[in-house]
Amino acid sequence: MTKEQELQIYIDGKYYPKSQAKISVYDHGFLYGDGVFEGIRVYNGLVFKLKEHVQRLYDSAHAMILEIPLTQEQMIQAVLETVRKNNLKDSYVRLIVTRGVGDLGLDPRKCCIATIICIADHIKLHEGEAKVKGITTLVSWVRRDPVDGTSHEIKSLNYLNSVMAKLEANMSGADEAICLEKNGCVAEGVGENVFIVRNGKISTPPTSTGALEGITSKAVVELAKKLGYQVNVENITLFMLFSAEEVFFTGTAAEIVPIRQVNWRTIGKGSRGPVTEKLMGEFQKLTRDPKQGVDAYS
Ligand code: PMP
């Protein structure tokens, strides 16, 4: 690939071809996972829920006392410009803010200024058949971090908890992992929120047990309510999960993915259920609605 064809990566206000987009090995994002990030989808030039993602980025940074040297509006413009610069219509944006370059100690005071990175590329997660047949999952032994610890409400660069759970799923031959919170109820996937349909009602766990406040999950709850479904935010036990008619994940990368198996137990009829299918159709329409994001090209 020539340099002209290479993706252009934004780092601290400048663009670098992908092969030359590098940060210091003294950056605390690299040394300690000390930073925050967002994954954002672009649908036909529309940066979906961009303002919501940027707000969450700043909320996560605030929780970590990480000062971002751009206003939210400037950050929005940086994302839009990166998408345009790469001439991408359908893509996946990874926006990262690290504590910046420090010394080898972990003291954040040694990091003078945050590093800002914006990558506009593509992502592939459970496409095609998986979206119709559904995926298999494993409930991992790796509990979510507690809300009074490194809570998953903060979208930090420290994803070891998710990586450990994903490894378990990989080794056991399952497509994805489901994580429990400290009391043993369902928390979320490794990068997705969880929903069940049981007795015709939709339920999802509260984020107060340590799940990320998903932007897709919020949109899906609103869609479901509009369609007349009852949506409960409640603790979900393993029994409720196993005996659900339908189970699905939501997330920016995953969008909506049906789950057909949990720990070798078939869910419902063992393929995508009608509620999931309906919500997937409505969600796809939402991603085309100009009111749901910011158009990078207008
Ligand atoms: N939980 C975790 C741990 C995640 O990383 C993600 C992906 N950002 C989600 C849930 C889904 O959130 P969203 O719909 O905002 O992408």
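All values below come from the heavy atoms of this structure, side chains included, with hydrogens, waters and symmetry mates left out. The model shown is predicted, which means the values in this text are computed figures rather than measured ones. Indexing begins at 1, ligand by ligand and atom by atom, following the structure's order.
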How far is [atom] from the closest protein heavy atom, and which atom is that?
atom                    : answer
atom 14 (O) of ligand 1 : T216 OG1, 2.6 Å
atom 9 (C) of ligand 1  : G191 O, 3.3 Å
atom 11 (C) of ligand 1 : N193 OD1, 3.6 Å
atom 8 (N) of ligand 1  : K155 NZ, 2.8 Å

Of all the heavy-atom pairs spanning G39 and R94, show the shortest one and how long it is.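 Result for this residue pair: CA-NE, 4.2 Å.
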
Nearest heavy-atom pair of V47 and A296: which atoms, and what distance?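 Reported closest heavy-atom pair: CG2-CB, 4.2 Å.
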
K285/E282 salt bridge by N-O under 4.0 Å criterion: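 Counted as a salt bridge, because a side-chain N and a carboxylate O are separated by less than 4.0 Å.
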
Give a yes or no on whether a salt bridge exists between R144 and E188, defined as a side-chain N under 4.0 angstrom from a carboxylate O.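 Answer for the salt bridge query: yes.
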
Are I154 and V142 joined in one hydrophobic group, where the rule is that I, L, V, M, F, W and Y side chains link up if heavy atoms are under 4.5 Å apart?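 No; tracing contacts between hydrophobic side chains, which count when under 4.5 Å, never links both residues.
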
With a 4.0 Å cut-off on heavy atoms, does K218 reach ligand 1?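 Judged by the 4.0 Å heavy-atom criterion, K218 does not count as contacting ligand 1.
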
Decide whether the shortest distance between a heavy atom of E38 and an atom of ligand 1 is less than 4.0 Å.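 Judged by the 4.0 Å heavy-atom criterion, E38 does not count as contacting ligand 1.
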
Have T207 and E153 got a donor and an acceptor in their side chains that come within less than 3.5 Å?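 No, E153 and T207 have no side-chain donor paired with an acceptor closer than 3.5 Å.
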
Check the side chains of E168 and S140 for a donor-acceptor pair under 3.5 angstrom, ignoring hydrogens and angles.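 No, because no side-chain N or O of S140 sits under 3.5 Å from a partner of the opposite role on E168.
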
Ligand-residue contact atoms, ligand 1 with [X], heavy atoms, under 4.0 Å:
X    : result
T252 : 13 (P), 14 (O), 15 (O), 16 (O)
R144 : 3 (C)
V190 : 3 (C)

Got an N/O contact under 3.5 Å between [X] and ligand 1?
X    : answer
Y159 : yes
E188 : yes
E213 : no
I215 : yes

Would you kindly check if the NZ (Lys) or CZ (Arg) of K85 is within the cone defined by 45 degrees around the ring axis of Y10 and under 6.0 Å from the six-membered ring centre?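 Cation-pi check for K85 and Y10: fails.
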
Please determine if K110 forms a cation-pi arrangement with Y26, meaning its NZ or CZ atom is less than 6.0 Å from the six-membered ring centre and no more than 45° off the ring axis.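 K110 over Y26 ring: no.
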
How does H152 reach ligand 1, if at all, at less than 4.0 Å between non-hydrogen atoms: by side chain, backbone, both, or neither?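 Under 4.0 Å from ligand 1, H152 contributes no heavy atoms.
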
